[in-house]
Amino acid sequence: MATKRIECQGVVLAAMPYGESDKIIRLYTERAGKLSVLVKGAKSRRSATVALSEPFTFGLYRLSAGKSFYYLNSGKILQANMGLRNNYDNMIYASALVEIVDKSSMEDEGTARIFSLIRKALHELSLTEAPLAVFLGFLIKYLSFMGYRPMLPESDEGSYVFLSDSGAVEAEGVAGGEPLDGRDIYTLRHLLYTSLDKINLEDVDKATLEKIYRLLKVYTVVNLQLDNIQSLQLRM
């Protein structure tokens with residue numbers, strides 16, 4: 001039987017040592033979803049595969065299927081996202097992004113729309129001076145694509161609370177939840193409906209942005225059933 005071979009664009013979510021000289025990477029691909037890929041010689045600095053196995057790398061990958069995982073035959077870097085390594089906050093949010101995707105997606109499953117979102121979010125994070133806004137924009141869009149879009153009112157007016165399992169609901173008759181004001185609702189709607197490269201929250205005060213961060217972080221953990229988001233524990 002002929003070996004199955006695929007050529008696909010992919011983003012490296014994670015990499016781990018395998019044996020003395022190799023790595024296994026988890027690659028989110030446009031065509032085949034999340035894949036585990038053995039990269040021969042990736043622990044050697046002189047290997048041509050080193051850069052292709054680095055987290056955050058977006059590239060073209062030529063793979064062949066094995067029994068337990070795919071093997072990298074060759075590839076080409078399309079975007080290294082090196083800018084992420086120049087700023088601590090940008091690196092933390094990028095690390096949280098790939099951690100969330102890795103923990104919440106199944107092997108051999110995924111969609112081209114989520115792949116595109118991951119790729120664009122990492123690119124924007126490598127360039128932006130406002131990484132938290134880009135990260136939150138990614139997060140609410142990713143939740144939506146995964147089927148957990150938080151409920152949001154159509155207007156900034158009214159009395160609402162944010163529940164960790166469903167989003168914004170009318171406050172009357174609801175026990176618990178975090179009260180939302182008009183600024184909170186505006187910010188959530190802007191993050192959801194604005195493309196990542198157009199998000200602009202310069203006029204939103206820091207306290208509001210931190211509140212939205214806290215609400216979406218808890219909402220993500222609850223709805224995606226994550227134990228935690230380890231990368232965000234390093235957030236300053």
Side-chain angles (χ1 to χ4, degrees), residues 89-90 92-105 109-125 127-229 231-233 235:
D89 288 340
N90 297 52
I92 292 301
Y93 292 124
S95 299
L97 185 161
V98 294
E99 178 186 347
I100 290 167
V101 174
D102 191 21
K103 287 183 174 180
S104 60
S105 55
E109 293 184 4
T111 68
R113 184 162 66 161
I114 290 177
F115 165 78
S116 180
L117 177 66
I118 298 167
R119 180 183 65 78
K120 290 177 181 178
L122 289 174
H123 176 63
E124 291 301 319
L125 281 172
L127 302 174
T128 187
E129 296 181 359
L132 178 55
V134 173
F135 174 69
L136 294 177
F138 161 81
L139 202 54
I140 197 168
K141 290 174 173 62
Y142 180 68
L143 288 161
S144 300
F145 293 169
M146 290 289 286
Y148 300 103
R149 173 178 164 178
M151 291 191 294
L152 295 177
E154 296 182 0
S155 159
D156 300 349
E157 301 178 357
S159 180
Y160 296 91
V161 296
F162 193 93
L163 302 178
S164 60
D165 61 347
S166 55
V169 298
E170 292 186 0
E172 185 176 354
V174 175
E178 181 87 12
L180 298 175
D181 60 25
R183 292 170 301 176
D184 302 328
I185 294 171
Y186 165 81
T187 303
L188 286 164
R189 288 174 55 81
H190 180 77
L191 290 168
L192 178 60
Y193 295 118
T194 307
S195 62
L196 292 175
D197 60 326
K198 296 293 194 297
I199 288 176
N200 184 348
L201 296 179
E202 291 181 358
D203 294 334
V204 175
D205 61 274
K206 184 176 179 180
T208 297
L209 202 56
E210 285 296 315
K211 179 179 179 180
I212 300 304
Y213 164 79
R214 178 167 46 82
L215 293 176
L216 286 181
K217 178 184 174 183
V218 173
Y219 185 89
T220 299
V221 170
V222 169
N223 286 275
L224 297 182
Q225 299 180 8
L226 307 178
D227 292 333
N228 55 37
I229 305 172
S231 300
L232 292 178
Q233 295 177 11
R235 181 175 180 259

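Note that these values count all heavy atoms, side chains included, but never hydrogens, waters or copies made by symmetry.
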Asks: Within the 4.5 Å heavy-atom criterion, are Arg183 and Asp205 side-chain neighbours or not?
Replies: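 Contact flag for Arg183/Asp205 side chains = yes.
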Asks: Work out which heavy atom in Leu180 is nearest to a heavy atom in Ala168; give both atom names and the distance.
Replies: CD1-CB, 3.7 Å
Asks: For the residue pair Leu191 and Ala133, what are the closest heavy atoms and their distance?
Replies: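 Looks like CD2-O, 3.6 Å.
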Asks: If we only count heavy atoms from C-beta on, is the Tyr186 to Asp203 side-chain gap below 4.5 Å?
Replies: no
Asks: The test is side chain to side chain contact (heavy atoms under 4.5 Å, CB included); show your working for Lys120 and Ser116 and say whether it passes.
Replies: CA-CA 6 Å; Lys120 290 177 181 178; Ser116 180; 3.4 Å; yes
Asks: Taking all heavy atoms of Ala121 and all of Leu97, pick out the closest pair and write down the distance.
Replies: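 Of all heavy-atom pairs spanning Ala121 and Leu97, the closest is CB-CD1, 3.5 Å.
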Asks: Do you know which two heavy atoms are closest between Pro150 and Gly167, and how far apart they sit?
Replies: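 Shortest heavy-atom separation between Pro150 and Gly167 comes out as CB-CA, 4.1 Å.
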Asks: With rounding to the nearest 0.5 Å, note down the distance linking CZ in Phe145 to CZ in Phe138.
Replies: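 Atom-to-atom, Phe145:CZ and Phe138:CZ are 9.5 Å apart.
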Asks: Output, in order, the C-alpha distance, side-chain angles, deciding distance and verdict of side chain to side chain contact (heavy atoms under 4.5 Å, CB included) for Phe162 and Asp184.
Replies: CA-CA 10 Å; Phe162 193 93; Asp184 302 328; over 6 Å; no
Asks: Is there a side-chain contact between Met146 and Ile114, using heavy atoms and a 4.5 Å cut-off?
Replies: yes
Asks: Do any N or O atoms from the side chain of Lys141 and from the backbone of Thr194 form a donor-acceptor pair under 3.5 angstrom?
Replies: yes
Asks: More than 12 heavy atoms of other residues, nucleotides or ligands under 6.0 Å from CD of Glu170: yes or no?
Replies: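 Atom CD in Glu170 is not crowded, with 12 or fewer foreign heavy atoms closer than 6.0 Å.
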Asks: Quick check for you: to the nearest 0.5 Å, what is the distance between Thr187 atom OG1 and Leu215 atom CG?
Replies: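 One gets 11.0 Å once the value is rounded to the nearest 0.5 Å.
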Asks: How far apart are the closest heavy atoms of Tyr219 and Ser164, and which atoms are they?
Replies: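 Scanning both residues completely, I find the closest heavy atoms to be CD1-O, 3.2 Å.
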Asks: Set out, in order, the CA-CA distance, both residues' side-chain angles and the distance that settles salt bridge (Lys or Arg N to Asp or Glu O under 4.0 Å) for Lys103 and Glu99, then state yes or no.
Replies: CA-CA 6 Å; Lys103 287 183 174 180; Glu99 178 186 347; 2.7 Å; yes
Asks: Does atom NZ of Lys211 have more than 12 heavy-atom neighbours, drawn from other residues, nucleotides or ligands, at distances under 6.0 Å?
Replies: yes
Asks: Can you tell me how far CG of Leu132 sits from CZ of Arg235, rounded to the nearest 0.5 angstrom?
Replies: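 Atom-to-atom, Arg235:CZ and Leu132:CG are 5.5 Å apart.
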Asks: Donor-acceptor check, side chain of Asp165 to backbone of Val222, threshold 3.5 angstrom: yes or no?
Replies: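 No.
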Asks: Please lay out, stage by stage, how Val98 and Val101 fare under the test side chain to side chain contact (heavy atoms under 4.5 Å, CB included).
Replies: CA-CA 5 Å; Val98 294; Val101 174; 5.7 Å; no
Asks: Just how far is it from atom OG of Ser104 to atom CG of Asn223, taken to the nearest 0.5 Å?
Replies: 11.5 Å
Asks: Less than 4.5 Å apart, any side-chain heavy atom of Val221 and any of Asn228?
Replies: no
Asks: If you look at every heavy atom in Ala96 and Ile229, which pair is closest and at what distance?
Replies: CB-CG2, 4.2 Å
Asks: Does atom CG (Asp227) have a neighbourhood of more than 12 heavy atoms from anything else shown, all under 6.0 Å?
Replies: no
Asks: Answer yes or no: is there a donor N or O on one side and an acceptor on the other, between the side chain of Asn90 and the main chain of Pro131, under 3.5 Å?
Replies: no
Asks: In Å, rounded to the nearest 0.5 Å, how long is the span from CG of Leu136 to OH of Tyr93?
Replies: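 Result: 7.5 Å between the selected atoms.
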Asks: Check for a donor-acceptor pair, side chain of His190 on one end and backbone N or O of Asn200 on the other, with a separation under 3.5 Å.
Replies: yes
Asks: Just verifying a value: how many Å separate Leu192 CG and Leu139 CG, rounded to the nearest 0.5 Å?
Replies: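 Spacing of CG (Leu192) from CG (Leu139) equals 11.5 Å.
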Asks: In the structure I gave you, are the side-chain heavy atoms of Ile212 and Leu188 within less than 4.5 Å of one another anywhere?
Replies: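 Result yes, sub-4.5 Å side-chain heavy-atom pair found.
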